[in-house]
Amino acid sequence: MTDEQPTYTEAVLRLETIVSTLERGGMGLDETLKLYEEGADLLKRCKSELATAEGKLNELQLDEIESELKAEKQ
Amino acid sequence: MTGSGQVTTGPLPIGQFVQLIKQTVSHDPLFRNQALKGEVTQWKQYASGHTYFSLRDQDGQMSAVIWKGKCPIDPSIKEGSEVVVIATLDLYVKRGNIQLVVQRIEPVNVLGELEKAKRLLIEDLKQEGELDRNRLPIPAVPKHIAIVTGAGSAALSDMHRLIDNRWPGLRRTVIGVLVQGPRAPQEIVRGLAVTRSLATEKTAKERGEPPVDLVIVGRGGGSPEDLWAFNLESVARAILASPVPVVSAVGHESDVLVSDLVADLRASTPSDAIERVVPSRNEMEFLLDEMDERLKVASRRQLIDCRQKITVLHSRLRVAPLAGLNRAKGEMMRIASRIDRAARQTLSVQSNALARYEASLAAVHPQRVLERGYSMTQTAEGAVLSSVEGLQSGQDIILHFADGSADAQILKTQKIEGTK
């Protein structure tokens with residue numbers, strides 16, 4: 001991963017930290033809201049990431065896909 | 001037996017003709033004690049002690065027999081073995097079949113040579129540090145898997161079936177290559193080159209799909225010779241050249257292949273590869289839902305705590321000196337309304353789960369009180385009673401306990417003096 005978006009694994013780890021912190025309690029209002037919003041955002045991203053894994057099934061012979069790729073280059 | 005001069009006198013009985021062939025063949029030294037090489041097929045050892053098989057190569061084949069006890073048989077010889085035999089051609093006159101009668105049979109040590117080359121390659125790769133390199137991490141959610149394997153193979157259908165069990169419709173591209181025989185190494189190398197191309201942002205964009213982020217290369221099990229492509233340097237280098245993680249997924253039990261050593265993940269079979277890299281979508285969704293629930297419940301509890309602190313502050317303000325009261329009160333009102341707004345906006349609106357949680361909180365608290373031995377009294381109409389005021393002798397009431405309720409009747413009422 002070269003960009004700043006966390007990977008799925010990083011996102012889930014961060015979520016776990018956020019939830020545990022909230023469960024431990026003792027935070028002020030600002031902190032609570034900040035953590036909740038960050039957590040909700042991470043959850044949204046993780047869920048949409050699951051959806052992006054779905055897609056087409058391509059099954060091609062070596063020669064076919066090689067000529068497809070060659071054609072795309074031109 | 002007649003000479004050739006008599007052939008023209010009439011049709012020759014077939015038995016005599018076959019006998020003639022047999023004589024000709026058995027007199028020719030070319031067909032006696034001849035050393036022959038080829039591959040063993042249809043290898044069958046019968047209970048009678050005789051062993052039948054065919055010896056073949058790409059140009060031809062012939063049946064052969066080893067009569068019981070006529071020659072020692074190396075136990076490593078099996079279907080597909082390359083062997084050298086010393087044999088004599090024999091013709092079974094009754095059926096007109098010819099076969100080789102084997103006097104000696106030895107396996108050819110093809111593997112010996114290959115093993116040596118493999119050892120040298122492993123040594124080289126070790127020296128270059130390739131065997132200690134940092135492996136690329138397998139993505140938690142692969143968005144585009146490339147599978148390089150035999151098209152139409154059982155291994156491939158196993159993989160498809162397992163993927164669709166774990167993650168129906170997971171995006172994948174299969175590149176069908178030869179995984180056995182002399183052309184296999186080159187095809188596998190080309191297949192891996194295709195995956196490198198599919199892993200680039202540019203190609204992915206042109207094809208309108210996410211870049212390949214995981215490669216599985218492999219095949220089902222076979223003899224060591226069948227799997228040999230996966231021990232060759234060209235294939236090892238192609239695996240090492242991959243910008244995305246590669247899983248070596250060749251069906252084999254004990255012996256490690258070079259592809260296993262250089263890949264980012266080693267699987268023992270193609271199916272094993274799928275189980276190790278394709279997560280279960282149901283499980284993942286369940287974990288996220290659970291996390292969602294925990295996040296909302298914990299946040300809500302925090303907000304309730306904050307609200308309670310304000311309530312405490314409020315009661316303290318009531319006895320506070322008049323000076324500063326208004327300022328503090330204003331501050332308190334602002335905080336309280338902010339909490340209420342936050343709770344409504346960020347939580348209540350977004351989550352039915354929260355509504356359920358609130359409902360359960362309401363249910364839980366009186367229950368706890370009842371468990372401590374208190375009871376709650378209601379009129380027959382359901383109004384909760386907190387005072388004896390207005391109660392009449394003979395009136396029906398309901399008493400609620402932690403574990404049930406009792407219908408009762410007022411005998412008489414008594415009010416404690418000085419209470420409101």
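Protein chains get the first letters and strands the later ones, always in sequence-line order, with residue 1 at the start of each.
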Could you tell me which non-hydrogen atom of [X] sits nearest to which non-hydrogen atom of [Y], and how far apart they are?
X	Y	answer
A:T32	B:S299	CG2-O, 3.9 Å
B:R294	A:S20	NH2-OG, 4.4 Å
B:P142	A:A53	O-CB, 3.6 Å
A:G26	B:Q302	N-NE2, 3.1 Å

Do the non-hydrogen side-chain atoms of [X] and [Y] ever get within less than 4.5 Å of each other?
X	Y	value
B:K143	A:E49	yes
B:L156	A:E59	yes
B:V141	A:T52	no
B:V297	A:L22	no

Using 0.5 Å steps for rounding, measure from the [atom1] atom of [X] to the [atom2] atom of [Y].
X	Y	atom1	atom2	value
A:L15	B:D292	CG	CG	9.0 Å
A:N58	B:R171	CG	CZ	9.5 Å
A:E38	B:L295	CD	CG	10.0 Å
A:L62	B:Q186	CG	CD	8.5 Å
A:L57	B:T173	CG	OG1	8.0 Å
B:M291	A:K47	CE	NZ	11.0 Å

Q. Does A:D63 have any side chain to side chain contact (heavy atoms under 4.5 Å, CB included) partners at least two apart in sequence or in another chain, and if so, which?
A.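 Applying side chain to side chain contact (heavy atoms under 4.5 Å, CB included) to A:D63 gives A:E66, B:R190.
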